[in-house]
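In what follows, every chain begins at residue 1, and chains take the letters A, B, ... in the order their sequences are listed.
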Protein chains: 2
Amino acid sequence: MKKLINEKTHFLADMLKGLSIANPQLEIKDETIVVKKNKKDKGVAIVSGGGSGHEPAHAGYVAEGMLDAAVCGEVFTSPTPDKILNAIKAVDNGDGVLLVVKNYAGDVMNFEMAQEMAEMEDIKVATVIVKDDIAVTDTEKRRGVAGTVFVHKIAGYLADEGYTLDEIQSRVEHYLPQIKSIGMALTAPMVPTTGQYGFDIDDDEMEIGIGIHGERGISRTKIQTVDQIVDQLIDALQKEVSANKLIVMVNGMGGTPQSELSIAVKYIAQVFEQQNVEVGHWFVGDFMTSLDMQGLSVTLMPYEETLSKALTAPTASPYFN
Amino acid sequence: MKKLINEKTHFLADMLKGLSIANPQLEIKDETIVVKKNKKDKGVAIVSGGGSGHEPAHAGYVAEGMLDAAVCGEVFTSPTPDKILNAIKAVDNGDGVLLVVKNYAGDVMNFEMAQEMAEMEDIKVATVIVKDDIAVTDTEKRRGVAGTVFVHKIAGYLADEGYTLDEIQSRVEHYLPQIKSIGMALTAPMVPTTGQYGFDIDDDEMEIGIGIHGERGISRTKIQTVDQIVDQLIDALQKEVSANKLIVMVNGMGGTPQSELSIAVKYIAQVFEQQNVEVGHWFVGDFMTSLDMQGLSVTLMPYEETLSKALTAPTASPYFN
């Protein structure tokens, strides 16, 4: 297995330890919870998390202006309710906690259970569930993918602005249905804990609509050129997002070099130019990955002044820019 | 070939176009020169460049606090002297231009020729050559690798501080012999312009001492665990850098997920802890890559207050942090 790891069973613990060494403002609690050493003493705390393997999500976004805590499960495995509860308790200062949850059965169940446990201890908790992956037809079953990172940033901004938990929840829920993503892969992720690829794919194949945990997509073809690929992604996204000004994220899947993300940007911009659609902001980089998978996802949101302000407000996270 | 590209001959042009779209403060001149739209009107201009395929190097570092221009050759191919000359002319404001050159025969020759041509036009130019790759025994033949990014940051800082061209050159030359790097690879880079891998390597093999253009390394073995790998890298580096406080860069080679870089940090930190060596700053991420190669390099520099200030001063580049 071509991985820079020690023992496969140490993947999560080693990764979090390294992250906290390189970012001394972070602290690891209870082995799986990443918090800021400098806990904020007022304002709603934003907590997210889920299985690992999506770095820099979520731990890399624990920073001023974004998350207060990330609860990290093992690779592609939901964190348990007790860990989520401990994260909530670690960051709550009395103003309440917003949970940002990607729409996967395990995550939704465990975060919900943690919310109930926290409420029994009189902590105010609200949950928002991200379902941005349009590759899944049933809108209620849509997975939470790269758009989740926009939600971290929006929620973190609203908390910094001093909004209450209810206000943040309702504002985030205003934006949630507007965030649409779709991904594609050239290769499958190699899962370090199993030593197996997330799926099988031939050397001359690619797949559109894949998830971030090795979930199969909606169409598999011979490898196409990037302009053909982004045409299909944008076309699918624009069936759900129609606006003449957009915010665009081009997200690398972990093994995609930056050069190729830049090339994709060129062809995405070309599509929008032909349509007279303006792009207000581009976010290009590795935001929500699937281990070492090669591929990308595109996320679109209609442009809005408040949204623009939220997404471009400063954050101490080096991974969101 | 598993690449998100259009035509392989368009790789460079498409990439620079995409980069300038996503970073509207940048401008492409003469097809291969990346400059800031907002040219500075005084102070030494810092110019670097070389073959492409090392993104975010060098174009991603064209930003306040780092480079004024990057001249981008085709993949793994030196830019021509006329392009370098045009870059020099595009950014010179009368205070002179420092060229930061990685030690490769083609780069050194072409930048030298450009310097001579610029001097004939009465532009003050100085050159510093980075030779940080200790995998090459002959110190004069050492390649310029990830340490070059530290040089961009140091030079950019000194220019912002208002030092003259001579002063910047001599200060950078003070640091140059202290910057030491060594890399390793699990996989070879797939070169988009040829459709060939940079070298052959088996599924169960790794190599220490590789370069950033597919150059072979110094030892090939079966894949080892990351702790064994970093032990060897640090051991080699410490034959040349002995200090009880260090600045450390852990650089991904393009296809390495951030999780694995974090894991490497843990084990590097463990080595230093055992030695009672302190780390003043960690820089962890993709700084100087080799297309989609999986692997990493480690760069060490002895800690120094001025150096620390230079490396941590703000820059507008999203790729240096």
Open item on the list: So which residue, A/Val279, A/Leu16, A/Ile263, ends up with the most heavy-atom pairs under 4.5 Å with chain B?
Closed with: A/Ile263
Task: Part of A/Met1 lying under 4.5 Å from any heavy atom of chain B - done: backbone
Task: Choice from B/Ile5, B/Val284, B/Leu261, B/Val265 maximising heavy atom contacts with chain A below 4.5 Å - done: B/Ile5
Task: Pairs of heavy atoms under 4.5 Å with chain A: top-ranked of B/Leu296, B/Ile223, B/Val248, B/Thr289 - done: B/Ile223
TODO: Please look at A/Asn321 and chain B and tell me whether the side chain, the backbone, both or neither of the residue comes under 4.5 angstrom of a heavy atom of that chain.
DONE: side chain
Open item on the list: Only pairs of heavy atoms separated by less than 4.5 Å count here; which of A/Leu291, A/Thr225, A/Val226 has the most with chain B?
Closed with: A/Val226
Task: Contacting moiety of B/Ala264, where chain A heavy atoms sit under 4.5 Å - done: neither
- [ ] Go through A/Leu19, A/Asp227, A/Leu12 and name the one with the most non-hydrogen pairs under 4.5 angstrom from chain B.
- [x] A/Asp227
- [ ] Can you measure from CG (A/Leu4) to CE (B/Met206) and round to the nearest 0.5 angstrom?
- [x] 8.5 Å
Task: Sequence neighbours excluded - salt bridge (charged side-chain N to carboxylate O under 4.0 Å, His left out) pairs with any residue from residues 10-27 of chain B - done: A/Lys266-B/Asp14
Task: Region of A/Phe11 that comes under 4.5 Å of a non-hydrogen atom in chain B - done: both
Task: Heavy-atom contacts under 4.5 Å, residues 251-260 of chain B to chain A - done: B/Gly254, B/Gly255, B/Thr256, B/Pro257, B/Gln258, B/Ser259, B/Glu260
Task: Pairs involving residues 201-213 of chain B, ordered by first then second residue, that meet salt bridge (charged side-chain N to carboxylate O under 4.0 Å, His left out) (sequence neighbours left out) - done: B/Asp204-B/Lys222, B/Glu205-B/Arg220, B/Glu207-B/Arg216, B/Glu207-B/Arg220
TODO: Identify the residues of residues 52-64 of chain B whose heavy atoms come closer than 4.5 Å to a heavy atom of chain A, ordered by number, or report 'none'.
DONE: B/Glu55, B/Pro56
- [ ] Let me know if A/Ile229 has heavy atoms under 4.5 Å from chain B in its side chain, its backbone, both or neither.
- [x] side chain
Task: chain A interface, residue from B/Val230, B/Ile21, B/Asn6, B/Ile268 that has the most non-hydrogen pairs under 4.5 Å - done: B/Asn6
